[in-house]
Undergrad: 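Have a look at this one.
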Protein chains: 2
Amino acid sequence: MRLTTKGRYAVTAMLDLALHEGKGPISLADISERQGISLSYLEQLFAKLRRNELVRSVRGPGGGYQLNREPAGINVAEVIDAVNESVDATGCKHTGNCQGGEVCLTHHLWCDLSTQIHGFLSDITLASLVARRDVKDVAERQDRRQLNNMIVGSDTRPAEAGEAVV
Amino acid sequence: MRLTTKGRYAVTAMLDLALHEGKGPISLADISERQGISLSYLEQLFAKLRRNELVRSVRGPGGGYQLNREPAGINVAEVIDAVNESVDATGCKHTGNCQGGEVCLTHHLWCDLSTQIHGFLSDITLASLVARRDVKDVAERQDRRQLNNMIVGSDTRPAEAGEAVV
DNA sequence: GCAATACCCGACTAAATCAATCAACTATTA
DNA sequence: TAATAGTTGATTGATTTAGTCGGGTATTGC
Ligand code: FES
Ligand code: FES
């Protein structure tokens with residue numbers, strides 16, 4: 001099992017979409033700026049998210065991505081799954097053949113753990129995240145900062161993610 | 001966060017020690033054979049387990065490793081921790097500085113997940129694993145097979161882990 | 001129709017980590 | 001004193017991460 005920036009980025013980006021829902025398509029450039037994630041890397045991730053039908057895209061100017069379902073219908077577990085970061089903690093992908101075709105000593109422990117993690121993550125939807133106080137606070141800060149960057153950085157300076165713009 | 005063979009091997013090996021407690025020191029060669037883990041790799045893992053005072057060693061012939069505490073006092077979380085596989089799911093090691101010194105959008109989510117996993121794993125002790133039916137079954141199979149290998153393979157053939165010896 | 005926007009796609013890469021091996025060493029015991 | 005078994009450090013091939021780069025294609029506003 002692994003949970004790295006890939007899965008974290010995917011969830012963060014999807015949450016960003018959920019937060020800005022109803023404002024039309026959101027461009028990856030926007031997400032990149034707000035969340036401090038490389039644009040090219042986002043493109044890779046969204047290719048997978050699209051293949052898994054979690055988002056839909058609109059091309060051309062003013063285009064971008066939108067959630068393909070309502071936020072309440074998308075849970076965190078499937079987002080992580082979509083970018084190929086399995087939430088599976090076993091070494092045998094649940095086949096039980098670690099040890100030369102037979103179940104290893106700790107197989108059941110990892111199965112239990114997997115169930116536990118999957119249960120926890122699949123109970124959390126984008127909608128429930130959007131409703132959280134701490135998420136709202138961070139989102140507000142990010143939106144303010146982005147607005148600031150648009151004004152100050154109107155000389156099209158790349159404007160770094162965590163840059164102190166007051 | 002990551003949970004790979006390193007952490008799984010460590011738990012498996014510790015469980016093997018717990019299962020054969022009271023029979024004096026257990027050599028890594030024994031564990032290697034029973035669990036199908038490379039001997040040299042086990043050496044690396046046990047160096048860390050020893051540094052974390054989870055096991056104690058006895059050198060010389062008839063030597064090996066023993067649990068440094070009673071099985072009921074060792075939980076799975078600390079074993080995984082000991083081999084440097086943190087159970088932390090955040091990208092900031094709980095410092096909250098993912099995004100240029102500030103908390104990222106999903107920080108709290110990963111904190112919650114970490115707490116969840118840690119709670120689950122630290123509630124499971126080696127003693128509670130030893131008591132499980134499925135563990136007992138696998139352990140018995142392994143012991144039988146090892147005995148078999150000792151007789152059949154008395155020509156000191158390396159005897160592969162999952163080899164069909166019936 | 002044409003340029004700008006933004007998604008789309010594949011190849012490529014430096015760095016890190018994994019899983020394992022090898023060699024040389026020291027302590028202990030029969 | 002020879003065999004056993006732990007101890008340590010270096011090294012390795014394979015894989016994965018976290019990107020970058022360069023070129024596409026579809027859509028829109030002017
Ligand atoms: S983890 Fe499933 S058999 Fe080992
Ligand atoms: S995971 Fe902690 S700040 Fe991003």
Side-chain angles (χ1 to χ4, degrees), chain A residues 1-13 17 23-33 35-52 54-66 68 80 83-86 88 91-92 98-99 104 156 158 161, chain B residues 1-10 12-13 17 24-33 35-68 80 83-86 91 98 104 156 158 160-161:
Chain A
M1 185 185 131
R2 49 184 184 272
L3 180 53
T4 63
T5 60
K6 201 194 283 184
R8 277 194 298 265
Y9 280 175
V11 174
T12 302
L17 282 190
K23 298 182 192 167
I26 307 294
S27 74
L28 291 188
D30 271 5
I31 300 180
S32 166
E33 193 187 347
Q35 307 303 336
I37 305 173
S38 140
L39 177 59
S40 311
Y41 200 39
L42 275 176
E43 285 176 350
Q44 279 180 56
L45 298 180
F46 271 80
K48 292 183 179 179
L49 293 174
R50 205 174 68 101
R51 254 175 263 137
N52 286 73
L54 290 171
V55 296
R56 60 170 171 271
S57 61
V58 180
R59 289 179 150 212
Y65 286 94
Q66 279 173 309
N68 202 25
I80 296 177
V83 291
N84 297 351
E85 284 212 320
S86 97
D88 188 5
C92 61
C98 245
Q99 210 175 356
C104 74
T156 60
Chain B
M1 185 185 126
R2 49 184 184 271
L3 179 54
T4 61
T5 60
K6 201 194 283 186
R8 277 193 298 265
Y9 281 176
T12 303
L17 283 190
I26 306 294
S27 76
L28 293 188
D30 271 7
I31 300 179
S32 167
E33 193 187 348
Q35 307 304 334
I37 306 172
S38 137
L39 177 59
S40 310
Y41 201 38
L42 276 176
E43 286 172 351
Q44 278 180 56
L45 298 179
F46 271 80
K48 292 182 179 179
L49 293 173
R50 206 175 68 101
R51 254 176 260 136
N52 285 73
E53 297 178 336
L54 290 171
V55 296
R56 60 169 172 271
S57 61
V58 180
R59 289 178 149 213
Y65 285 93
Q66 279 174 307
L67 296 180
N68 201 26
I80 296 177
V83 291
N84 296 351
E85 286 213 317
S86 96
C98 245
C104 74
T156 60
E160 223 171 85

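In what follows, every heavy atom counts, from backbone to side chain, and hydrogens, waters and symmetry copies are set aside. Lettering follows sequence order; numbering is per chain, from 1.
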Undergrad: Using the test side-chain contact (heavy atoms from CB on, under 4.5 Å), find all partners of A:Cys98 that sit at least two apart in sequence or belong to another chain.
TA: A:Cys92, A:Cys104
Undergrad: Does A:Thr5 reach a base, just sugar-phosphate, or nothing at all? Heavy atoms under 4.0 Å.
TA: sugar-phosphate
Undergrad: With distance as the sole test, does B:Ser32 use its side chain to make a donor-acceptor pair with the main-chain N or O of B:Leu28 at under 3.5 Å?
TA: no
Undergrad: Side-chain N or O of A:Arg2 less than 4.0 angstrom from OP1 or OP2 on D:dT17?
TA: yes
Undergrad: Nearest heavy-atom pair of B:Lys6 and B:Val83: which atoms, and what distance?
TA: CD-O, 3.4 Å
Undergrad: By the 4.0 Å heavy-atom rule, please label A:Ser27 as base, sugar-phosphate, or nothing.
TA: sugar-phosphate
Undergrad: Can you tell me how far C1' of D:dG6 sits from CZ of B:Arg51, to the nearest Å?
TA: 13 Å
Undergrad: Grab the CG-C1' distance between A:Leu42 and D:dG19 for me, whole Å please.
TA: 11 Å
Undergrad: Contact between A:Ile31 and A:Leu17 at the side-chain level, heavy atoms closer than 4.5 Å - yes or no?
TA: yes
Undergrad: Nearest 0.5 Å please: distance from the CZ atom of B:Arg2 over to the CG atom of A:Leu3.
TA: 11.5 Å
Undergrad: Residues from residues 57-65 of chain A sitting under 4.0 Å of DNA chain C, heavy atoms only?
TA: A:Ser57, A:Val58, A:Arg59, A:Gly60, A:Pro61, A:Gly62, A:Gly63, A:Gly64, A:Tyr65
Undergrad: Identify each donor-acceptor pair in which a side-chain atom of residues 38-63 of chain B lies under 3.5 Å from a protein atom, sequence neighbours left out, and give them as a table.
TA:
unit_1  : atom_1 : unit_2  : atom_2 : d
B:Ser38 : OG     : B:Ser40 : N      : 3.4
B:Ser38 : OG     : B:Tyr41 : N      : 3.1
B:Arg56 : NH1    : B:Leu67 : O      : 3.3
B:Arg56 : NH1    : B:Asn68 : OD1    : 3.2

Undergrad: D:dC21 C1' sits how many Å from A:Leu39 CG, rounded?
TA: 12 Å
Undergrad: Looking at B:Ile37 and B:Tyr9, what are the two nearest heavy atoms and their distance?
TA: CG2-CD1, 3.5 Å
Undergrad: Taking heavy atoms of chain A and a 4.0 Å limit, find me the 5'-most and 3'-most nucleotide of DNA chain C within that range.
TA: C:dA4 to C:dC9
Undergrad: Residues in side chain to side chain donor-acceptor pair (under 3.5 Å) with A:Thr5, at least two apart?
TA: none
Undergrad: If I take atom CD in residue B:Gln66 and atom C1' in nucleotide D:dA5, what distance separates them, rounded to the nearest angstrom?
TA: 14 Å
Undergrad: Return the minimal non-hydrogen interatomic distance between A:Ile80 and A:Gly7, and the atom names on each side.
TA: CG1-O, 4.4 Å
Undergrad: Any residue in residues 43-50 of chain A with a heavy atom nearer than 4.0 angstrom to DNA chain C? Just list them by number, or reply none.
TA: A:Glu43, A:Arg50
Undergrad: Using whole Å, what does the distance between atom C1' of nucleotide D:dT8 and atom CG of B:Leu28 come to?
TA: 14 Å
Undergrad: Let me know the distance between OH of B:Tyr41 and C1' of D:dG9, rounded to the nearest Å.
TA: 16 Å
